[in-house]
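Read through the structure below, which is laid out as structure tokens, and then see the notes.
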Amino acid sequence: MSDTGAGGESPWIPPGLRGYRRRWLRGDVIAGLTVWAVLVPESIAYATIAGVPPIIGLYAAPAALILYALLGSSRQLVVGPMSSTALLSAAVVASVVGGGGDPVATTAALALVAGVIALVAGLLRLGFVASFISEPVLKGFVIGLALTIIVGQLPKLTGTDGGDGEFLGRLWGCSSPGWGRPTRSRCLWGCSPWRRCSSSRGSFP
């Protein structure tokens with residue numbers, strides 16, 4: 001019985017490393033450093049959105065990269081945390097934990113369960129199910145998710161407590177009179193697209 005694959009290589013070599021050339025190493029090192037420079041702050045930020053300490057994001061990020069390097073087939077695909085996954089995780093964990101419980105342990109358990117479900121779906125070739133989700137639904141989800149994250153981060157940007165409740169309640173809390181005019185002016189100045197134009201036309205009106 002042969003221990004080599006169809007191309008004469010060992011079947012124990014990960015799919016992404018089969019046929020690898022030494023001349024690719026320099027470019028891969030540069031790409032790896034670039035991914036690292038983006039992944040570290042991204043993991044810290046998304047861990048905060050997920051409601052866990054920032055260090056948890058740094059612990060979780062390498063696992064996805066290592067697993068995909070061993071099991072994945074693409075050399076160009078970048079695997080990392082996503083804002084949508086972080087926000088959905090925070091919503092699920094908040095509904096389960098409530099006032100008492102360990103959010104870190106619950107988040108870890110949720111990640112393991114989601115990973116097992118994704119693995120089973122991959123083995124059953126269920127990727128075609130995603131084609132039944134229409135493009136308007138996907139765009140609406142992405143836009144709504146972006147707005148939700150922005151409203152959730154506004155209190156940290158402005159140094160205020162923000163509002164309570166769902167999207168509209170939190171948005172109203174950020175725009176209420178208790179926000180304070182100086183803080184509101186600084187936020188509008190920092191976020192406004194007029195800032196670039198005002199540098200050549202004088203002060204912001």
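For the pair Val52 and Val93, the minimum side-chain heavy-atom distance is 4.5 Å or more.
Note: the hydrophobic cluster containing Val40 does not contain Val35 (ILVMFWY, side chain heavy atoms under 4.5 Å, direct or indirect links). Val129 and Ile133 fall into different hydrophobic clusters, where Ile, Leu, Val, Met, Phe, Trp and Tyr are joined by side-chain heavy atoms under 4.5 Å apart, directly or via other members.
Residue Leu58 holds its CG atom at 4.5 Å from CD1 of Ile55, rounded to the nearest 0.5 Å. Taken from CG in Leu88 to CG in Leu110, the straight-line distance is 9.5 Å, to the nearest 0.5 Å. The distance from the CG atom of Leu39 to the CD1 atom of Ile44 is 10.0 Å, given to the nearest 0.5 Å. Note that the CG atom of Leu112 and the CD1 atom of Ile117 stand 11.0 Å from one another [nearest 0.5 Å].
Minimum interatomic distance between Pro81 and Tyr46 (heavy atoms only, all atoms of both residues): O-CE1, 3.5 Å. Smallest separation of non-hydrogen atoms from Ala61 and Ser43: CB-OG, 3.4 Å.
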For Ile56 and Val104, what are the C-alpha separation, side-chain angles and deciding distance, and is it a side chain to side chain contact (heavy atoms under 4.5 Å, CB included)? CA-CA 8 Å; Ile56 301 299; Val104 176; 4.0 Å; yes
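Judged purely by atom type and a 3.5 angstrom limit, Ser89 has no side-chain atom pairing as donor or acceptor with the backbone of Thr85.
Residue pairs meeting the salt bridge (charged side-chain N to carboxylate O under 4.0 Å, His left out) criterion with at least one partner in residues 136-151, sequence neighbours excluded, are Glu135-Lys139.
In this structure Trp36 satisfies the ring-ring contact (aromatic ring centres under 6.0 Å, His included) test with no other residue, sequence neighbours excluded.
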